[in-house]
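Please read all numbers here as calculations on a predicted model, not as lab measurements. In what follows, chains carry the letters A, B, and so on, assigned in the order in which the sequence lines appear, proteins first and then strands, with residues in each chain numbered from 1.
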2 protein chains.
Amino acid sequence: MSQSDTVQRILDAAEVLFAQKGFAETSLRAITSRAGVNLAAVNYHFGSKEALIQAVFERYLTPFCQALDAKLQELEGQGAADLEKLFGVASRLALGSHGDEPRRAMIFFRLSGQAYSQPQDHLRAYLREHYGAVFRRFLALLRTAVPEVPPMELFLRVHFSLGAVIFTLSGMESLQTISKKDFNTDITAARITQQLLPFVVGGIRG
Amino acid sequence: MSQSDTVQRILDAAEVLFAQKGFAETSLRAITSRAGVNLAAVNYHFGSKEALIQAVFERYLTPFCQALDAKLQELEGQGAADLEKLFGVASRLALGSHGDEPRRAMIFFRLSGQAYSQPQDHLRAYLREHYGAVFRRFLALLRTAVPEVPPMELFLRVHFSLGAVIFTLSGMESLQTISKKDFNTDITAARITQQLLPFVVGGIRG
DNA sequence: AGCGGGGGCAAACGTATGTTTCAAACGTTT
DNA sequence: AAACGTTTGAAACATACGTTTGCCCCCGCT
């Protein structure tokens with residue numbers, strides 16, 4: 001076949017390893033070894049490690065953003081939508097827009113966390129350029145949902161929310177470990193994400 | 001002198017560079033070059049790069065946690081304190097407990113973000129062991145402030161808040177860049193942190 | 001004055017990384 | 001079946017890193 005599955009195997013392995021250990025700490029050798037392909041395959045198919053990182057994000061983000069954009073357009077047609085509805089849609093889409101389990105989503109949020117707290121300027125620029133439009137559409141809908149919050153403050157609070165979500169889903173397993181130790185309670189990932197919604201809504205309202 | 005200032009120069013340089021570029025991406029050569037000391041000085045004074053990372057955190061966190069602990073004890077004596085008071089104290093202390101400008105605090109929050117989203121397990125363990133007590137004291141006071149929120153949910157929401165704060169202060173300058181581009185408005189760091197308080201309080205209340 | 005040791009210095013060491021090379025294997029087309 | 005472009009394979013390459021090594025200087029001591 002002209003488009004072998006080597007590319008997909010590499011992306012799968014890179015996605016998991018990047019999320020587990022970070023970009024810089026994950027070597028191409030670790031990726032290709034896990035993927036069961038030759039070391040040179042990465043540079044052959046992607047050109048460089050940097051391009052591989054972008055490809056990992058693109059594979060996840062493009063279908064998600066397309067789905068979200070469609071949903072948002074639909075909501076725009078229906079008139080006003082409240083906060084719970086908007087964030088509920090985004091959350092459901094983020095956790096389930098890919099056929100597979102929400103594990104994929106957790107992995108991806110870990111990746112996003114790394115992208116933000118690390119100096120991957122090329123990545124930030126890339127993300128802004130390719131997916132900024134959906135974000136602005138979402139923000140516009142939010143504005144009609146809470147007209148009492150000034151646009152600037154709303155903008156900031158959305159970023160705060162993004163931080164809460166990414167940070168939480170990034171450190172999910174440490175959170176589970178701590179809660180088990182301090183509360184003798186096992187807590188599911190679903191429970192945590194479900195708790196995020198009222199927090200975000202409350203925070204946006206201020 | 002027996003305790004030269006080389007140690008402090010290294011810590012200063014490492015603090016800034018770690019925050020700017022991350023732990024793995026910052027080489028000892030970059031640190032010692034910025035500090036104006038010899039490359040071998042790091043391994044001589046600290047033993048290893050890993051130990052240097054811990055030392056950077058310790059130098060910042062120890063005075064902060066001591067100050068916070070004292071304040072919290074004081075508040076415990078005075079009976080009930082509300083959410084705004086508690087987070088206000090923590091925020092003021094975090095931003096100003098070191099004589100220097102809040103720039104230090106921003107740097108440090110960037111560091112914390114990296115510590116959480118990267119695989120520095122040794123660091124996470126170290127932080128939990130040394131500063132976990134203050135965190136639990138804070139949580140206990142919060143519980144009396146919002147008794148209507150179940151302990152488990154409160155615990156989660158505090159972590160959500162931590163995420164919002166760290167994420168925000170980590171990406172402060174990108175936030176400023178975006179806001180300038182999208183709103184034609186210059187926004188100060190002080191303004192952003194000040195906006196964080198109502199968001200967190202609103203989120204905790206749910 | 002002589003000595004001893006803590007600290008600084010340049011240089012080197014071993015290793016791991018991203019990338020490149022080039023030949024072999026493969027699949028498709030003629 | 002032969003020829004071609006595409007993909008894989010093992011090996012090498014150059015480089016950057018953390019760490020270690022000796023040697024030097026300089027200060028406080030007897």
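In this entry the distance linking NZ of A:K49 with C1' of D:dT15 reads 15 Å, nearest Å. Atoms CD (A:E25) and P (C:dA16) sit 16 Å apart, rounded to a whole Å. Atom CG of A:L17 and atom P of C:dT17 are 12 Å apart (whole Å). A straight line from CZ of B:F46 to P of C:dG8 spans 11 Å, rounded to a whole angstrom. The CG atom of A:L28 sits 19 Å away from the P atom of D:dA14 (whole-angstrom rounding). Counting to the nearest Å, the C1' atom of C:dG8 and the CZ atom of B:R9 are 12 Å from each other. To the nearest angstrom, P of C:dC9 lies 6 Å from CG of B:N38. Nucleotide C:dT19 holds its P atom 11 Å from the CD1 atom of A:I31, rounded to whole Å.
In terms of heavy atoms, B:L154 sits closest to B:V149 at N-CG1, 3.7 Å.
Residue B:T32 is classed as having no contact, given no heavy-atom separation below 4.0 Å to the nucleic acid.
Remark: B:K49 NZ is packed, more than 12 non-hydrogen atoms of other residues, nucleotides or ligands lying under 6.0 Å away.
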* CA sep, side-chain torsions, deciding dist, call: B:D12, B:R59, side chain to side chain contact (heavy atoms under 4.5 Å, CB included) -> CA-CA 10 Å; B:D12 289 340; B:R59 182 174 68 147; 2.9 Å; yes

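Checking C:dT20, D:dT19, D:dT8 against every side-chain atom of A:H45, the shortest atom distance belongs to D:dT8. Picking from C:dT19, D:dG18, D:dG9 the nucleotide with the shortest atom distance to the side chain of A:N43 gives C:dT19. Closest approach to the B:A40 side chain among C:dT19, D:dT19, C:dA10 is made by C:dA10 (side chain taken as heavy atoms from C-beta onward). Of all nucleotides listed (D:dT19, D:dA10, C:dT17), C:dT17 comes nearest to the side chain of A:R29. When distances run from any side-chain atom of A:Y44 to the nucleotides C:dT19, D:dG9, D:dT7, the shortest one goes to D:dT7.
For the pair B:T6 and C:dG8, the criterion of a side-chain N or O lying under 4.0 Å from OP1 or OP2 is met. Taking only side-chain nitrogens and oxygens, B:S48 never comes nearer than 4.0 Å to OP1 or OP2 of D:dG18. A:S27 has no side-chain polar atom (N or O) that falls below the 4.0 Å cut-off from OP1 or OP2 of C:dA16.
For A:F183 and B:F155, the ring centers are positioned less than 6.0 Å apart. B:F167 and A:F160 have their aromatic ring centers separated by at least 6.0 angstrom.
Nearest-nucleotide assignment on DNA chain D puts the 5′-proximal partner with A:G36, out of B:L39 and A:G36.
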